[in-house]
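Counting starts at 1 for both ligands and their atoms, following the listed order.
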Amino acid sequence: MRNSIIIVICCILLSACTKTKSNESTLKDALNGKFLIGTAINIPQTFGIDTLGVEIVKKQFNAIVPENCMKSMFLQPEEGNFYFDEADKYVAFGETNNLWITGHCLVWHSQAPAWFFIDENGNDVSREVLIERMRNHITTVVSRYKGRIKGWDVVNEAIMDDGSWRQSKFYQIIGEDFIPLAFQFAHEADPDAELYYNDYSTAIAAKCEGIVNVVKTIQEKSLRIDAVGMQGHLTMDFPAIEDFEKSLLAFSALGVKVMITELDLTVLPSPNNFAGADVSANFDFKKELNPYSDGLPEDIELKQQNRYADFFKLFLKYQDKISRVTLWGVTDNDSWRNDWPIPGRTDYALLFDRNSQPKPIVNEIIQLAKGKE
Ligand code: 9MR
């Protein structure tokens, strides 16, 4: 008799647990109908080697972007020799798992192969040659994934923090026109694909204004542009959320969607208050700049959680203007923040920890999305 009572109690407890489990929400379920929730994926995830990472992607996210494998130095390391193995695998991963697939990025001053800008003598190519190389690269890549890649970061990071033009080879050789031309070529290759301009530190007013002008130029030429990607490489004190909000509204007022791309939040001290995401920045390693190598203190974890929550509250407030929010990596292990702008640090920038477990912020976002906070 006693045994059967114990068995009944166990059964009730078990069923209660199972019930809680099956009621457990995920990011993509909770945010369904508001905006897509995406993540960058790396090569081990693309190839299914990082099985825990892949599980998180499938369970929690409904959109992906390739962290590296579609940059031009990887796709076309030598003129005319395209290497698509990893990009093909990336697109197949997205299709198999029913994810919104973004391509990143067609035109970027960084991670472009050196040959792109020079002739056989090492001199800068002419404007005509560079336009032709840009057309060929964009056309080849976009046509290959026509109808499969749903949106492209066409131009990445062309404006400086002060609003001026970045003196990239694209700008120096072609002039301001390189942006509308890139959008034109991408649209010609896949008229149904969404096209985006993507940049970091967009909350800086001058930079925001520079980007607004870029978008207007594209629109004045009646070219397609669907969204501005506000890269969300946040620090604990940059940017002020009010500034982020102002920029979000300025972009939205142009009649395009806003996407929060590349979201992560470093908890590490910035050397010389450095912020942004300029990949060429590099500072020497110092022990005091790597304070959490043995674990993150609870108070810092909570501060980070609150700051993440504040940003998600903002995203939810403007869900009608935002089409996608994408994290720049799955777990803290994957994050580029561990190696930038100082190599070899231990950062905690993402939503899932080094053991592939969701941090408390994941549930908080879910509750916020359900309107429970
Ligand atoms: O996270 C990416 C890192 O692994 C690469 O080494 C780096 C250079 O290609 O690019 C990082 O991703 C960048 C993105 O493509 C564009 N915006 C800034 C991102 C962080 O640097």
Which residues, ordered by chain and number, are linked to Met73 in its hydrophobic cluster, where ILVMFWY side chains connect at heavy-atom gaps below 4.5 Å, directly or through other members?
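Members alongside Met73: Phe74.
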Roughly how far apart are Lys146 NZ and Thr139 OG1, rounded to 0.5 Å?
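Reported value, rounded in 0.5 Å steps: 12.0 Å.
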Between the protein and ligand 1, are there any N or O atom pairs that come within less than 3.5 Å of each other, and if so, what are their names and distances?
| unit_1 | atom_1 | unit_2 | atom_2 | d |
| --- | --- | --- | --- | --- |
| ligand 1 | 1 (O) | Glu67 | OE2 | 2.5 |
| ligand 1 | 1 (O) | Trp328 | NE1 | 2.9 |
| ligand 1 | 4 (O) | Glu67 | OE2 | 3.2 |
| ligand 1 | 4 (O) | Asn68 | ND2 | 3.0 |
| ligand 1 | 9 (O) | Asn68 | OD1 | 3.4 |
| ligand 1 | 9 (O) | Lys71 | NZ | 3.0 |
| ligand 1 | 9 (O) | Gln111 | NE2 | 3.4 |
| ligand 1 | 10 (O) | Lys71 | NZ | 2.9 |
| ligand 1 | 12 (O) | Lys71 | NZ | 3.4 |
| ligand 1 | 12 (O) | Trp328 | NE1 | 3.3 |
| ligand 1 | 15 (O) | Lys71 | NZ | 2.7 |
| ligand 1 | 15 (O) | His104 | NE2 | 2.7 |
| ligand 1 | 17 (N) | Glu157 | OE2 | 2.7 |
| ligand 1 | 17 (N) | Gln231 | OE1 | 3.2 |
| ligand 1 | 17 (N) | Gln231 | NE2 | 3.4 |
| ligand 1 | 17 (N) | Glu262 | OE1 | 2.7 |
| ligand 1 | 17 (N) | Glu262 | OE2 | 3.4 |

Around atom CG of Asp294, are there more than 12 heavy atoms from other residues, nucleotides or ligands closer than 6.0 Å?
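12 or below, so no.
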Of all pairs that satisfy salt bridge (Lys or Arg N to Asp or Glu O under 4.0 Å), the ones with a partner from residues 102-131, not counting sequence neighbours
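Sorted result for residues 102-131: Asp124-Lys169, Arg127-Asp177.
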Ignoring hydrogens and angles, state whether a donor on the side chain of Asp88 or Tyr145 is under 3.5 Å from an acceptor on the partner side chain.
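Yes, because at least one side-chain N or O of Asp88 sits under 3.5 Å from a partner of the opposite role on Tyr145.
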Can you run down the side-chain hydrogen bond (donor to acceptor under 3.5 Å, both in side chains) pairs that involve residues 234-250, sequence neighbours left out, and say none if there aren't any?
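Residue pairs with at least one partner in residues 234-250: Thr235-Asp237, Glu245-Lys317, Glu245-Tyr318.
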